[in-house]
Participant: 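Below is a structure I'd like to ask you about.
Counting begins at 1 with the first residue of the sequence.
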Amino acid sequence: MERLRRTVLALFLFICLFSDSWSHTPGHRTRYEPNWASLDQRPLPKWYDEAKVGIFLHYGVYSVPSFGSEWFWTNWINLRNPDYIRFMQRNYKPDFTYQQFADQFTAELFNATQWALLFKDSGAKYVVLTSKHHDGYTLWPSKYSFGWNSVDVGPKRDIIKELASAVRSVSDLKFGLYYSLFEWFNRMWIDDKLHLLLQQHYVDYKVRPEQMELVQEYLPEILWSDGDWEAPAKYWRSEEFIAWLYNESPVRETIVTNDRWGFGTACMHGDFYNCADRFNPGVLQRHKWENAFTLDRTSWGQRFDVTLADFMSSKDVIKEIVTTVSCNGNVLINVGPTKYGTILPIFEERLRDMGRWLSINGEGIYGSSPWIYQNDTLTPDVWYTQGKESNSTIAVIYAFVLEYPYDTNELEIYPLGKDISIFRNVLLTGLDFGMDNEVINKQTTQISMLGMENTKINWTATHNKLRIVFPPKHHIDKRGLEYAWTFKITIA
């Protein structure tokens with residue numbers, strides 16, 4: 001038993017040391033210099049690592065044509081995509097402009113409280129709304145976008161203000177904002193490019209004032225930057241702005257930012273890394289990262305040229321959550337609302353299914369940290385996390401089973417790894433699980449199935465192999481357990 005306790009203590013110390021770089025609660029005030037070397041030292045606010053699940057909203061003028069994607073304007077005008085040209089020829093008069101879509105962006109059915117309650121029920125812990133996409137249209141009355149914002153033209157409403165207020169009133173979700181740095185057709189941006197980015201008029205008179213306005217007016221706790229790839233971070237003056245966010249802004253203690261601040265910054269700088277759209281590497285990442293993906297597999301904005309096959313199933317969504325969180329990531333799940341301000345039933349269904357699953361299995365997701373193995377070494381489609389209850393005397397492991405074993409109703413897994421040896425443990429993990437006695441046994445280990453807590457789980461262990469028998473399938477189904485099944489393994 002003493003050998004076991006030393007093993008668990010070593011495990012706990014290893015996880016604590018490794019996870020120390022993942023999240024912190026900021027303590028004393030540190031002043032950050034406007035350079036990446038300094039900014040990259042900022043600890044990640046603890047809330048973001050614990051949250052795990054967020055909702056992304058792409059909403060704007062592109063929601064009116066609802067065709068192709070949110071890149072409608074540039075695909076039509078700049079790229080001259082024949083599908084977009086045909087769409088416009090068949091449905092609009094010859095001289096119709098993209099700006100005229102704004103009059104039809106009415107949002108007459110937009111109910112911010114209804115949205116916020118849905119996001120709460122989905123199990124998400126934060127929401128990120130597009131304040132301005134690449135077309136430059138803003139969802140707030142920007143002082144720097146006269147006549148091209150949601151108060152001047154379209155719904156005549158401050159969409160950001162309404163949603164931020166609703167989210168904070170009816171839930172404990174954190175509220176964040178997406179902001180596109182560049183705009184396809186902004187004349188100042190185009191002129192700066194013509195001057196080889198040696199001048200920064202667009203940054204000085206458009207980007208920076210709007211960024212400051214957003215932060216000071218709406219107090220977002222996430223600033224999700226995008227549209228950065230055509231210029232370096234020095235052009236965008238990103239380091240100066242982020243230093244202000246961390247040092248002086250009203251959200252300096254809690255704000256988190258991503259990694260899109262100029263070409264070359266992706267996967268390099270930021271509180272969390274996006275690296276690329278739909279990024280899910282499937283292996284442990286030491287730096288905190290986020291998998292931003294779309295329920296409509298190809299478009300971030302709402303569109304009607306879709307079939308059922310274009311949508312992720314609820315099972316697909318749960319798989320993305322599990323595989324992402326196991327590897328130290330968060331998920332940001334995108335929904336595109338309609339021009340009327342509604343969320344399509346198929347999106348709502350996916351979010352509510354996710355919420356029901358998280359209400360049962362969330363203890364293995366929220367606040368968890370990566371286990372020493374992210375997925376099982378022998379049995380496919382089994383992924384692991386470590387529970388937040390783990391301490392110096394207890395190790396709590398969650399095993400998520402993505403495919404039900406219909407043929408056998410049994411599962412064989414290796415939560416401590418398949419090949420345990422003194423050399424391997426010291427080399428790879430710094431741990432010694434022991435060689436002369438069993439770590440997993442009836443005296444030290446308890447196993448339960450989330451959602452079936454009052455049902456005894458039959459299991460046996462042989463050295464490092466754990467054989468678990470599922471309860472009868474009809475009992476599992478009766479309790480609404482689907483998509484993925486979770487076993488809680490407690491070693492004390």
Participant: So that I can tick it off, tell me whether Glu248 and Arg31 are bridged by a salt bridge, with the cut-off set at under 4.0 angstrom between side-chain N and carboxylate O.
Facilitator: yes
Participant: Should Ile85 and Arg80 be marked as a side chain to side chain contact (heavy atoms under 4.5 Å, CB included) after you check the CA-CA gap, both sets of side-chain angles, and the distance that decides it?
Facilitator: CA-CA 7 Å; Ile85 292 173; Arg80 305 299 294 168; 3.7 Å; yes
Participant: Can a donor-acceptor pair be found between the side chains of Tyr179 and Lys132 at a distance below 3.5 Å?
Facilitator: yes
Participant: Under 6.0 Å between the ring centres of Trp371 and Trp383?
Facilitator: no
Participant: Applying salt bridge (Lys or Arg N to Asp or Glu O under 4.0 Å), can you list everything that pairs with Asp296, at least two apart in sequence or on another chain?
Facilitator: Arg303
Participant: Parallel, tilted or perpendicular for Tyr48 and Tyr126, by the 30°/60° rule?
Facilitator: tilted
Participant: Does any part of the side chain of His133, heavy atoms only, come nearer than 4.5 Å to the side chain of Tyr178, both counted from C-beta?
Facilitator: yes
Participant: Could you tell me whether Asp226 and Arg260 make a salt bridge, using a distance below 4.0 angstrom between a side-chain N and a carboxylate O?
Facilitator: yes
Participant: Any side-chain heavy atom of Val170 sitting closer than 4.5 Å to one from Thr113?
Facilitator: yes
Participant: Just checking, is any N or O donor in the side chain of Thr294 or Asn334 under 3.5 Å from an acceptor N or O on the other one?
Facilitator: no
Participant: How far apart are the closest heavy atoms of Lys206 and Glu183, and which atoms are they?
Facilitator: NZ-OE2, 2.8 Å
Participant: Taking the six-membered ring of Trp47 as reference, does the NZ or CZ atom of Lys174 fall below 6.0 Å from its centre and within a 45° cone about the axis?
Facilitator: yes
Participant: Is the positively charged end of Lys288 above the ring of Tyr273, judged by distance under 6.0 angstrom from the centroid and angle within 45° of the axis?
Facilitator: no
Participant: Check the pair Trp76 / Asn78 against side chain to side chain contact (heavy atoms under 4.5 Å, CB included), numbers first and verdict last.
Facilitator: CA-CA 6 Å; Trp76 169 35; Asn78 281 342; over 6 Å; no
Participant: With the threshold set at 4.0 Å, does a side-chain nitrogen-carboxylate oxygen contact exist between Glu363 and Lys488?
Facilitator: yes
Participant: Contact between Leu39 and Glu239 at the side-chain level, heavy atoms closer than 4.5 Å - yes or no?
Facilitator: yes
Participant: Taking the six-membered ring for Trp, are Phe400 and Trp357 parallel (under 30°), tilted (30 to 60°) or perpendicular (over 60°)?
Facilitator: tilted
Participant: Mind telling me whether Phe279 and Trp289 have parallel, tilted or perpendicular rings, with 30° and 60° as the class edges?
Facilitator: perpendicular
Participant: Could you go step by step and tell me if Trp115 and Tyr59 meet the ring-ring contact (aromatic ring centres under 6.0 Å, His included) rule?
Facilitator: CA-CA 13 Å; Trp115 284 20; Tyr59 193 39; 5.6 Å; yes
Participant: Do you see a donor-acceptor pair shorter than 3.5 Å between the side chains of Gln386 and Ser369?
Facilitator: yes
Participant: Using the test salt bridge (Lys or Arg N to Asp or Glu O under 4.0 Å), find all partners of Lys319 that sit at least two apart in sequence or belong to another chain.
Facilitator: none
Participant: Report the residue from Trp36, Trp261, Phe263 that forms a ring-ring contact (aromatic ring centres under 6.0 Å, His included) with His269.
Facilitator: Trp36
Participant: Can you tell me how the ring of Phe182 sits relative to the ring of Trp184, calling it parallel under 30°, perpendicular over 60° and tilted otherwise?
Facilitator: perpendicular
Participant: For residues Leu351 and Leu118, determine if any side-chain heavy atom of one lies less than 4.5 Å from a side-chain heavy atom of the other.
Facilitator: yes
Participant: Check whether Asn328 reaches the backbone of Gln285 with its side chain - one donor and one acceptor, N or O, closer than 3.5 Å.
Facilitator: yes
Participant: Within the supplied structure, the quantity of interest is the number of heavy atoms (other residues, nucleotides, ligands) at a distance under 6.0 Å from Lys193 NZ; does it exceed 12?
Facilitator: yes
Participant: Could I get the full list of disulfide (SG to SG under 2.5 Å) partners for Cys327, not counting sequence neighbours?
Facilitator: none
Participant: With a 6.0 Å cut-off on ring centres, are Tyr32 and Tyr246 close enough?
Facilitator: yes
Participant: How are the rings of Tyr98 and Trp73 set relative to one another: parallel (under 30°), tilted (30 to 60°) or perpendicular (over 60°)?
Facilitator: parallel
Participant: So, for Phe101 and Phe72, is the gap between ring centers shorter than 6.0 Å?
Facilitator: yes
Participant: Taking the inter-plane angle between the rings of Trp189 and Tyr202 on a 0 to 90° scale, is it parallel (under 30°), tilted (30 to 60°) or perpendicular (over 60°)?
Facilitator: tilted
Participant: So which heavy atom on Phe110 is nearest to which on Ala112, and how close?
Facilitator: CZ-CB, 3.7 Å
Participant: Work out which heavy atom in Gly147 is nearest to a heavy atom in Asp152; give both atom names and the distance.
Facilitator: N-OD2, 2.9 Å
Participant: So, do Leu129 and His58 sit near enough that their side-chain heavy atoms are less than 4.5 Å apart?
Facilitator: no
Participant: With a 3.5 Å distance limit and no angle check, can you tell me whether Thr265 reaches the backbone of Met268 through a side-chain donor-acceptor pair?
Facilitator: no
